[in-house]
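Only one structure is covered here, and it is reproduced in the block below.
Heavy-atom basis, side chains included; hydrogens, waters and symmetry copies ignored. For ligands, and for the atoms within them, numbers begin at 1 and follow the listed sequence.
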Amino acid sequence: MPVIAVIGAQWGDEGKGKVVDLLAEKTKIVVRFSGGDNAGHTVVNPYGEFGLHLIPSGIFSSGVTCIIGNGMVINPAVLIDEIDQLNQRGVDTSRLVISDRAHLVMPYHLLLDGLEEKSRGGKALGTTKKGIGPAFADKAARLGIRTSDLLDKEVLLERLRSILDYKNTILTKVYRVSPLSFNEVYNQYCQYGERLAPYIRETTIMLEEALARGELVLLEGAQGTLLDPDFGTYPYTTSSSPLAGGGCLGSGVSPTRINHILGVFKAYCTRVGSGPMPTELKDDTGDLIRERAHEYGTTTGRPRRCGWFDAVAARFSTRINGFTGAAITRLDILDTFPHLKICVGYKLDGKTIDYFPSSVATLEKCQPIYEELPGWQTPITDIRQFEQLPVEARQYVSKLEEIISSPVNLICVGPRREQTIDKMPIL
Ligand code: IMP
């Protein structure tokens, strides 16, 4: 049985949660492999509507083991709250597993995320202020505390003492704010450890065993390709890799095991936070998309920047992920527009380019070149067969298929599970 990676192909918020929730019904294990509670995966199913931040979107399917992978950073308070909320709403979380290699978001990470953003002034990155960047920076600097450290209070004590001394020096000397109390942080994280211990374990063995049994494993990405720290609009990126390659590193599944890489594309573009976005519409059309689609961050509530589909960015995303198929989400949001635009190239210093520049300074100068397509101007939310879509909608999807150079497997025409067109089966 295959491994399928579900990857955000734009700037995040493409609707990966719904796609994973749908595919999870056929899956045995779902692993979230990157990011932390900066993500907000919206799932609407018979249990209700949920905004998951840390727990994989497969949690609603019985018999599916959901792994919080080693590539994630976990704020334990948020995770415990998420578990409690799911339980209160009748969702069983006994199949949740936390990798013992995942890192923890600590109180100083939250503080530093806010302080660093403030110190950037007008050049703030627009982070979610969930401590994600500082937590991944500590992972790279070998200053991280991992979930396995929660399982041994002596180990936690040793590790926290030296790290907190250093962090308190930065808090007091660089940012001139009060230090954190060792006892408070230590006692709090001991309590988190007691609560989360039953979930924490080594996860590569269980993945290997599942694959040996021929079970389907799904790698659930967070954020989107254009927020990747290497290939995204650096420095306006997140701090862990949302790419298919990141799926291997963040889960412990070998690249040779991945058979399908499903790129999730919204039928238009959105971005939240700062950084260039060539097709952003700062006009009534952009506002209309935002209001029709309720494009406000699941995690922060911030209004998302909206714009037309960017084929230049999409081709780049396809190249660095190697998509074998695509899911097009939120096609119904375009129902009312008489004309639709797709950005097919950029105008840069009087020349036309068709590649996604690596420098943000260059990208900021790029002006979109649009191709216009007719809209369908009729509701499609009740359509379940591709052939029944209006011809203009089929043309729009075919155009995207051509850009992405891989087949469109799924089309979402509304938030609910059943509001999906299975254009071409993935399995
Ligand atoms: P951070 O990941 O909180 O450090 O934020 C860095 C950038 O990534 C900011 O522009 C955020 O708005 C963006 N970002 C982080 N997580 C998400 C997400 O789940 N969806 C969309 N944008 C995100």
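Between the side chain of Arg32 and the main chain of Gly71, no donor-acceptor pair closer than 3.5 Å is present.
Residue pairs that meet the salt bridge (Lys or Arg N to Asp or Glu O under 4.0 Å) test with at least one member in residues 294-314, sequence neighbours left out, are Asp13-Arg304, Lys266-Glu295, Glu280-Arg305, Glu295-Arg304, Glu295-Arg330.
Not counting sequence neighbours, the partners of Tyr296 by the ring pair (Phe, Tyr, Trp, His ring centres under 6.0 Å) test are His294. Every residue was checked against the ring pair (Phe, Tyr, Trp, His ring centres under 6.0 Å) condition with Tyr268, not counting sequence neighbours, and none meets it.
Closer than 4.0 angstrom to ligand 1 sit non-hydrogen atoms from Trp11, Asp13, Asn38, Ala39, Leu125, Gly126, Thr127, Thr128, Gln223, Leu227, Thr237, Thr238, Val272, Gly273, Arg302.
The pair Asp149-Arg146 does not count as a salt bridge, with every side-chain nitrogen at least 4.0 angstrom from each carboxylate oxygen. The pair Arg89-Glu49 does not count as a salt bridge, with every side-chain nitrogen at least 4.0 angstrom from each carboxylate oxygen.
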